[in-house]
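Read through the structure below, which is laid out as structure tokens, and then see the notes.
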Amino acid sequence: MEYEKIIVDPNLKSFSLNFKNHWKRAVGHEVIVGGYSFCVTPIDDTLKVSEVTTGALVMDLPIPKMDITQKESMKILEQIGEQLLEKLMKSKNVSMTFDQMQQKSYDLLGLTPPPEPIAFESNGVVQYFK
């Protein structure tokens with residue numbers, strides 16, 4: 001597996017996050033690290049970094065306190081990908097860990113709803129693709 005490869009999807013998606021007893025939808029970006037998919041979603045004053053197939057929380061990060069451009073946002077997401085890469089490389093049995101996370105998530109809530117692409121209309125209203 002090629003751990004060093006980090007891909008940041010610039011397109012917004014709606015993801016399902018695992019909140020132990022229910023799914024919560026949140027809009028954010030997908031960051032793929034070494035073949036594993038994560039989503040970065042702002043909730044309250046925190047960037048929630050979660051694994052996509054389980055919705056399980058991997059880490060919380062502070063939201064930048066200043067206005068940033070889309071290009072700066074993509075750079076921040078790449079930096080988050082680098083942090084995830086460090087975590088994956090330090091982990092002894094990544095595959096088994098993700099398998100256990102998937103089973104635990106399934107046991108609690110069933111299948112994880114898939115991410116859905118979204119787009120903003122010119123007036124700023126979120127439109128879900130059907």
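Starting from 1, each residue takes its place in the sequence as its number. Here the structure is a predicted model, which is why all the values come from computation and not from measurement.
In terms of the side-chain hydrogen bond (donor to acceptor under 3.5 Å, both in side chains) criterion, residue partners of Asp107 (sequence neighbours excluded) are, by chain and number, Gln103. With sequence neighbours left out, Asn18 forms a side-chain hydrogen bond (donor to acceptor under 3.5 Å, both in side chains) with Ser105. Among residues two or more places apart in sequence or in another chain, the ring-ring contact (aromatic ring centres under 6.0 Å, His included) test is passed with Tyr106 by none. Judged as a salt bridge (charged side-chain N to carboxylate O under 4.0 Å, His left out), and not counting sequence neighbours, Asp99 has no contacts. With sequence neighbours left out, the side-chain contact (heavy atoms from CB on, under 4.5 Å) criterion links Gln100 to Met96. Scored by the ring-ring contact (aromatic ring centres under 6.0 Å, His included) test, Phe98 finds Tyr36 as partners (sequence neighbours excluded). Every residue two or more places apart in sequence or in another chain that forms a side-chain contact (heavy atoms from CB on, under 4.5 Å) with Ser73 is listed here: Ile68.
Going from atom NZ of Lys13 over to atom CZ of Arg25 covers 11.5 Å, rounded to the nearest 0.5 Å. Remark: Glu116 CD to Leu12 CG distance equals 13.5 Å, nearest 0.5 Å.
Sorted by first and then second residue, the ring-ring contact (aromatic ring centres under 6.0 Å, His included) pairs involving residues 39-61 (not counting sequence neighbours) form an empty list. Under the side-chain hydrogen bond (donor to acceptor under 3.5 Å, both in side chains) criterion, the residue pairs touching residues 37-46 are Glu30-Ser37, with sequence neighbours excluded.
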Audit row: Ile6, Val31, side-chain contact (heavy atoms from CB on, under 4.5 Å) steps and yes/no: CA-CA 7 Å; Ile6 297 170; Val31 178; 4.2 Å; yes
For residues 75-89, tabulate all N or O donor-acceptor pairs below 3.5 Å that involve a side-chain atom, not counting sequence neighbours.
none

In a table with atom names and distances, give each donor-acceptor pair under 3.5 Å that connects a side chain of residues 50-63 to protein atoms at least two apart or in another chain.
residue, atom, partner, partner atom, Å
Glu51, OE1, Thr53, N, 3.2
Glu51, OE1, Thr53, OG1, 2.8
Glu51, OE1, Thr54, N, 2.9
Glu51, OE1, Thr54, OG1, 2.8
Glu51, OE2, Thr53, N, 3.3
Glu51, OE2, Thr53, OG1, 2.7
Thr53, OG1, Gln102, NE2, 2.9
Thr54, OG1, Ala56, N, 3.0
Asp60, OD1, Lys48, NZ, 3.2
Asp60, OD2, Lys48, NZ, 3.4

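The two residues Val8 and Pro10 make their nearest non-hydrogen contact at O-CD, 3.3 Å.
No continuous path of hydrophobic side-chain contacts links Phe38 to Ile43 [ILVMFWY only; heavy atoms under 4.5 Å]. Hydrophobic clustering, with ILVMFWY side chains joined whenever heavy atoms are under 4.5 angstrom apart, keeps Phe15 apart from Val40.
Think of Leu108 as one node in a network of Ile, Leu, Val, Met, Phe, Trp and Tyr side chains linked at under 4.5 Å; its network also takes in Trp23, Leu109.
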